[in-house]
Amino acid sequence: MRRVPFSIIAAAKTFDPEAVDVVFRHFEGFIASQCLIDCTDEYGNTRSIVDDDLYYQAQIALFRAIDRFQFQEPPDSFMP
């Protein structure tokens, strides 16, 4: 699993548009997978599609999470 670098998170916290875009693109697939709904067409075929309203609400929640993110100093016993 790839991780978003700390420098990108720190820049996103200051609302740098490019950094926020990187964070959004990182979570794009996960958000889409969580916003699927089943839809039946006129022929009775069922398929899954991304619900745009759910997707938009998830993006708003991610933006708010970026804003509320708090950095903490590592404990003295932390060894990278």
Side-chain angles (χ1 to χ4, degrees):
M1 177 173 123
R2 290 183 39 228
R3 295 184 180 181
V4 179
F6 176 80
S7 59
I8 299 293
I9 295 170
K13 178 80 172 136
T14 64
F15 300 111
D16 179 320
E18 291 178 13
V20 170
D21 186 53
V22 168
V23 173
F24 273 37
R25 282 187 283 124
H26 178 79
F27 288 103
E28 183 177 45
F30 175 74
I31 291 172
S33 72
Q34 299 302 303
C35 297
L36 294 176
I37 59 170
D38 290 331
C39 184
T40 305
D41 63 15
E42 64 271 10
Y43 303 108
N45 300 320
T46 302
R47 60 188 179 109
S48 296
I49 60 170
V50 175
D51 184 314
D52 292 333
D53 292 331
L54 286 175
Y55 188 82
Y56 179 69
Q57 293 297 320
Q59 283 184 320
I60 291 171
L62 178 57
F63 192 75
R64 287 182 179 155
I66 291 170
D67 182 40
R68 290 189 306 259
F69 189 81
Q70 296 179 2
F71 297 107
Q72 296 179 354
E73 292 292 323
D76 292 334
S77 61
F78 179 73
M79 299 294 286

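Just the heavy atoms: all of them, side chains too, but no hydrogens, waters or symmetry mates, feed the values below.
To the nearest 0.5 angstrom, I31 atom CD1 is 5.0 Å from L62 atom CG. One finds the CZ atom of R3 at 10.0 Å from the CD1 atom of I9 (value rounded to the nearest 0.5 Å). How far CZ of F27 is from OG of S33: 12.0 Å, rounded to the nearest 0.5 Å. Atoms CG and CG, from D21 and D16 in turn, are 10.0 Å apart once rounded to the nearest 0.5 Å.
L36 is listed as a side-chain neighbour of V50, based on a closest heavy-atom distance under 4.5 Å. Under the 4.5 Å side-chain criterion, counting only non-hydrogen atoms from C-beta, F24 is not in contact with E28. With contacts defined as side-chain heavy-atom distances shorter than 4.5 Å, the pair I60/R64 qualifies. Contact of the F71 side chain with the K13 side chain is registered, since non-hydrogen atoms from C-beta on lie closer than 4.5 Å. Looking at heavy atoms from C-beta onward, R47 lies in side-chain contact with I49 at the 4.5 angstrom threshold.
The aromatic rings of F63 and F15 sit tilted, their planes meeting at an angle between 30° and 60°.
Shown here for A12 and V23, the closest heavy-atom pair between the two residues is CB-CG2, 4.0 Å.
Within a 6.0 Å radius of CD in E42, other residues, nucleotides and ligands contribute more than 12 heavy atoms.
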Quiz prompt | Criterion side chain to side chain donor-acceptor pair (under 3.5 Å) on S48 and D38, from CA distance to verdict | solution = CA-CA 4 Å; S48 296; D38 290 331; 2.9 Å; yes

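Transitive grouping of hydrophobic side chains (ILVMFWY, heavy atoms separated by less than 4.5 Å) brings F69 and V22 into a common cluster.
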